Amino acid sequence: SSWDSSRTGKVWIKMPDLSGKAVLVTGAAKGIGRATALAFAQEGSNPLVITDIDANGLEGTADMLEAMHREVLAVPADISDPEAVGMLVEESLERYGRIDVLANVAGVGILGPVEDLAISDWRRVIDVNLWGVINTIHYVYPHMVARKAGHIVNVSSTDGLFVSWIYSAPYCASKFGIVGISEEILFEASLHGIGVTCFCPGSVGTTIFDTSPVVGFSEEIRKIKGMLTRGADPPEAVGRMIVEAVKKDRFIVTTTLSFQMEYFLRKHLPFLW
């Protein structure tokens, strides 16, 4: 499960056993984030550091993890705020001494045509989705480099590989950015024994677009978006897939058959796409 070459300096180490691993999960109050934290706990990961701007939802996730006899540090925080992320990581390292897995799951969206979007709409989505990932990597990655071990999971979307629906420009821009960051770090991290996964789910049964702001349309637009999410993967299944991707050291992972087929067309038969 590992390969080390002193000649090249490259070290690739899989993490087939997650038992006892310290895991930090963002966006853990609900949806994919909560499911991911629970999936790591089911694998024996301990302790778990969880964060989200939704303090009540975060407390609910903490209760679930504690019921599984896991040590939990739940810190309500806005990951778009670098100072808040720095304090979160500092507290985690002071308490546990390590972060073995970083799972960047937190994300927000917005629905609306580009001509109706305000600069503040773009900033809100990109600050959380993209800068949130940058902020956590900034504070966690040097620690992993020093230890020559760890794994980073950045949850993007199939909307970070191809545009599957319109009226989500800030969301797509942020998710494309996550893919780019993940691919660049993949090469650097491989020199330090650190794995990187860019998880790109298709349709997932979460409330992200039910709660996203709507600009330039009536609320009826949500019904159209809802039609596109029929047959979505449940968050619990996605959480398990994220854990498996870490264990097998997989880089790009996509979900949902229809979106996987569309990704294939986008890559190999773009004129059909």
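It should be emphasised that the depicted structure is a prediction, and the values quoted were computed from it without experimental measurement.
Residue pairs meeting the salt bridge (charged side-chain N to carboxylate O under 4.0 Å, His left out) criterion with at least one partner in residues 255-273, sequence neighbours excluded, are absent.
Note that the CD1 atom of Ile134 and the CD1 atom of Ile181 stand 4.0 Å from one another [nearest 0.5 Å]. Expressed to the nearest 0.5 Å, how far CZ of Phe259 lies from OG1 of Thr254 amounts to 11.0 Å. Annotation: the span from Leu161 atom CG to Gln260 atom CD amounts to 11.0 Å, rounded to 0.5 Å. In this structure, CG in Leu130 is found 10.5 Å from CG in Asn104, a value given to the nearest 0.5 Å. One finds the CD1 atom of Ile152 at 5.5 Å from the CG atom of Leu102 (value rounded to the nearest 0.5 Å). Of the inter-residue distances, the one linking Ile50 atom CD1 with Met64 atom CE reads 10.0 Å to the nearest 0.5 angstrom.
Taking a 6.0 Å sphere around CG of Leu272, one finds it holds more than 12 heavy atoms contributed by other residues, nucleotides or ligands. Enclosure of atom CD in Glu83 is not indicated, since only 12 or fewer non-hydrogen atoms of other residues, nucleotides or ligands lie within 6.0 angstrom. Heavy atoms from other residues, nucleotides or ligands lying under 6.0 Å from CE of Met261 number 12 at most.
Tyr96 approaches Val72 most closely through the heavy-atom pair OH-C, 4.0 Å. The minimum heavy-atom distance linking Val128 with Ile79 is given by the pair O-CD1, 3.7 Å. Closest non-hydrogen pair, Val196 versus Ser182, comes out as CG1-O, 3.7 Å. When every heavy atom of Gly33 is checked against every heavy atom of Val105, the shortest pair comes out as N-CG1, 3.4 Å. When all heavy atoms are compared, the tightest approach of Pro213 to Gly109 is CD-O, 3.4 Å. Here the closest heavy-atom approach between residue Phe40 and residue Leu48 is recorded as CB-CD2, 4.0 Å.
Listed by chain and number, the residues in a side-chain contact (heavy atoms from CB on, under 4.5 Å) with Met87 amount to none (sequence neighbours excluded). Partners of Asp63 by side-chain contact (heavy atoms from CB on, under 4.5 Å), not counting sequence neighbours, listed by chain and number: Glu59, Glu66. Pro142 meets the side-chain contact (heavy atoms from CB on, under 4.5 Å) test with no other residue; sequence neighbours excluded. For Thr51, there are no side-chain hydrogen bond (donor to acceptor under 3.5 Å, both in side chains) partners two or more places apart in sequence or in a different chain. Asp100 meets the salt bridge (Lys or Arg N to Asp or Glu O under 4.0 Å) test with Arg98, Arg147; sequence neighbours excluded. Looking at residues two or more places apart in sequence or on another chain, you find no salt bridge (Lys or Arg N to Asp or Glu O under 4.0 Å) involving Arg123. With sequence neighbours excluded, the residues that form a side-chain contact (heavy atoms from CB on, under 4.5 Å) with Phe264 are His268. In this structure, Thr158 has no side-chain hydrogen bond (donor to acceptor under 3.5 Å, both in side chains) partners at least two apart in sequence or on a different chain. Every salt bridge (Lys or Arg N to Asp or Glu O under 4.0 Å) that Glu43 has, sequence neighbours left out, goes to Lys247.
Looking only at distances, no side-chain donor or acceptor of Thr61 sits under 3.5 Å from a matching main-chain atom of Arg34. Not one N or O on the side chain of Arg250 forms a donor-acceptor pair closer than 3.5 Å with the backbone of Lys248. Judged by distance alone, with hydrogens and angles left aside, the side-chain atoms of Ser156 form no donor-acceptor pair with the main-chain N or O of Cys200 at under 3.5 Å. Side-chain atoms of Ser80 do not come within 3.5 Å of backbone N or O of Gly132 as any donor-acceptor pair. A donor-acceptor pair is defined here as one N or O able to donate and one able to accept, closer than 3.5 Å; no such pair exists between the side chain of Arg240 and the backbone of Ala39. Between the side chain of Glu71 and the backbone N or O of Asn46, no donor-acceptor pair lies under 3.5 Å. Between the side chain of Asp116 and the main chain of Val215, no donor-acceptor pair closer than 3.5 Å is present. Remark: side-chain polar atoms of Asp121 are paired, donor with acceptor, to backbone N or O of Ala118 under 3.5 angstrom. A donor-acceptor pair under 3.5 Å links the side-chain atoms of Thr26 to the main chain of Ala106, judged by distance alone.
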Discussion item. Go through it in stages, so that I can follow the logic: the residues are Tyr139 and Leu88, the test is side chain to side chain contact (heavy atoms under 4.5 Å, CB included), and I'd like the CA-CA distance, side-chain angles, deciding distance and then a yes or no.
Written reply: CA-CA 9 Å; Tyr139 288 104; Leu88 166 67; over 6 Å; no
Worksheet item: Yes or no on side chain to side chain contact (heavy atoms under 4.5 Å, CB included) for Leu38 and Glu236, after CA distance, side-chain angles and deciding distance?
Response: CA-CA 8 Å; Leu38 293 172; Glu236 294 76 17; over 6 Å; no
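Inter-residue side-chain proximity for Val49 and Ile99 is flagged as unmet; no heavy-atom pair is nearer than 4.5 Å. Here the side chains of Pro270 and Leu265 are not in contact, with every heavy-atom distance at 4.5 Å or above. The shortest side-chain heavy-atom distance between Leu111 and Tyr167 does not fall under the 4.5 Å cut-off. Side-chain atoms of Ser92 and Leu73, non-hydrogen and from C-beta on, do get closer than 4.5 Å to each other.
Each of Ile110 and Val163 belongs to its own hydrophobic cluster when Ile, Leu, Val, Met, Phe, Trp and Tyr are linked at side-chain heavy-atom distances under 4.5 angstrom. Both Ile137 and Val145 are part of a single hydrophobic cluster, where members link through side-chain heavy atoms under 4.5 Å apart. Phe187 and Ile252 are not part of a single hydrophobic cluster, where members link through side-chain heavy atoms under 4.5 Å apart. If you chain together hydrophobic residues whose side chains sit under 4.5 Å apart, Val140 and Leu186 fall into the same group. Leu257 and Val238 are not part of a single hydrophobic cluster, where members link through side-chain heavy atoms under 4.5 Å apart.
Classified by interplanar angle (parallel below 30°, tilted 30° to 60°, perpendicular above 60°), the ring pair Tyr263/Phe162 is parallel.
Through direct or indirect side-chain contacts shorter than 4.5 Å among Ile, Leu, Val, Met, Phe, Trp and Tyr, Ile53 is connected to no other residue.
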Listed pairs under 3.5 Å, donor-acceptor, residues 172-180 side chains, sequence neighbours left out:
from: Ser174; atom 1: OG; to: Asn129; atom 2: ND2; distance (Å): 3.1
from: Ser174; atom 1: OG; to: Pro170; atom 2: O; distance (Å): 3.4
from: Ser174; atom 1: OG; to: Tyr171; atom 2: O; distance (Å): 2.7
from: Lys175; atom 1: NZ; to: Val155; atom 2: O; distance (Å): 3.3

